[in-house]
Protein chains: 2
Amino acid sequence: MKAQNTISQMRRGILEFCIISLLADNEVYTAELIDRLKAADLLVTDGTLYPLLNRLQKADILQYRFVESESGPPRKYYSLTEEGHAVLKDLDGAWQEIHGSVEMIRRGNDSE
Amino acid sequence: MKAQNTISQMRRGILEFCIISLLADNEVYTAELIDRLKAADLLVTDGTLYPLLNRLQKADILQYRFVESESGPPRKYYSLTEEGHAVLKDLDGAWQEIHGSVEMIRRGNDSE
DNA sequence: CAAGCTACCTTGCGTTACAAGGTAGCTTGC
DNA sequence: GCAAGCTACCTTGTAACGCAAGGTAGCTTG
């Protein structure tokens, strides 16, 4: 299907936003995040997420701490930094603007 | 501002969708399209749009015809092919799904 | 203590937006 | 009637990013 490529692009664009949103009020470890994003069809593979998290962490948007697991290797639990919360606020505003633009464009042409 | 990069990604993701939407019911020529997209903050430069339009045209989603202008060089007026209309329908559905996912994620963490 | 699972990470590749620079038709002023 | 300038379209080089595939290491289980 030819739309598939474009649809992937749309998903990709909001991936970071969704990750940051998911971490807004909870500490979440990576594999859990992967499951949730995959369930929402926003992520394809874990090889995408790990570099992304590292990037956001280096940008001082995320922080993590290692937590020992009861059954398996230790896990990185991520949460937002103070700056991360500020970024989330910006992203939230941007999302609403973009959403508005898209709806305007969609309506503008459906009406006829 | 650190959110800027992520915001650009979001815009980028929906750029193709918006272009296809804008052409849904109208023949539009390129420079006009550029103005409208720039006005909605969805496009930065025309060097982005031209290759994109060519790609969509090769994918048989768009078609164009040259129209002589009353004041200047001839213009390429774009419109959707039959397949383009089908793609638009898919994209529209995908957009609504994505919109739903994002809202769920946003709410899920604001609540409380 | 070996086999297998879970969790995290790296490398190579292809695609794409963006900035900068370029070509060519058409009009306007002299 | 031609030079200057505008409009419209296009190309090239660069950097960023997602994705597929492959890899490392801790921990449990038999």
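As the structure is a prediction and not an experimental result, all values here were calculated from the model.
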Under 4.5 Å between side-chain heavy atoms, counting indirect links through other Ile/Leu/Val/Met/Phe/Trp/Tyr residues: same cluster for B/L22 and B/V44 or not?
no
Can a donor-acceptor pair be found, under 3.5 Å and without considering hydrogens, that links the side chain of A/H85 to the backbone of A/A24?
yes
Using a 4.5 Å cut-off on heavy atoms from C-beta on, say whether the side chain of B/F66 contacts that of B/R75.
no
Show the nearest heavy-atom pair for residues B/V87 and A/A3, with the distance to one decimal.
CG1-CB, 3.8 Å
Apart from B/V67 itself, what residues make up its hydrophobic cluster, given side-chain heavy atom links below 4.5 Å?
B/Y29, B/Y77
Identify all pairs in which a protein N or O lies below 3.5 Å from an N or O of nucleotides 17-20 of chain D, and state each distance.
from, atom 1, to, atom 2, distance (Å)
D/dC17, OP1, B/N5, ND2, 2.9
D/dC19, OP2, A/T48, OG1, 3.0

A/W95 versus B/I7: any side-chain heavy-atom pair under 4.5 Å?
no
Under a 4.0 Å heavy-atom cut-off, which of residues 95-102 of chain A touch DNA chain C?
none
Do B/V28 and B/Y78 have side chains that approach each other closer than 4.5 Å (heavy atoms only, starting at C-beta)?
no
Under the 3.5 angstrom rule, does the side chain of A/T81 hit a backbone N or O of A/G84 as a donor-acceptor pair?
yes
Tell me whether B/E32 is salt-bridged to B/R36, with the criterion being a basic N under 4.0 Å from an acidic carboxylate O.
no
Minimum heavy-atom separation for B/L88 to B/F17, with atom names?
CD1-CE1, 4.1 Å
Using side-chain heavy atoms (C-beta onward) and a distance below 4.5 Å, is B/L33 in contact with B/L53?
yes
Quick one: label B/E70 by what it contacts on the DNA or RNA (base, sugar-phosphate, nothing), any heavy atom closer than 4.0 Å.
sugar-phosphate
Secondary-structure stems for DNA chain D, with pairs counted as Watson-Crick or G-U when both distances are under 3.5 Å and runs at least 3 long:
C:1-30 with D:1-30
Would a distance-only check, ignoring hydrogens and angles, find a side-chain to backbone donor-acceptor pair under 3.5 Å from B/Q63 to B/L80?
yes
Using the salt bridge (Lys or Arg N to Asp or Glu O under 4.0 Å) rule, collect all pairs that involve residues 55-68 of chain A, keeping only residues at least two apart or in two chains.
A/E16-A/R55, A/E27-A/R65
If you walk 5' to 3' along DNA chain C, what is the first nucleotide with an atom under 4.0 Å of a heavy atom in chain B, and what is the last?
C/dT16 to C/dT27
Residue met sooner reading DNA chain D from 5', once A/D46 and A/E68 are mapped to nucleotides
A/D46
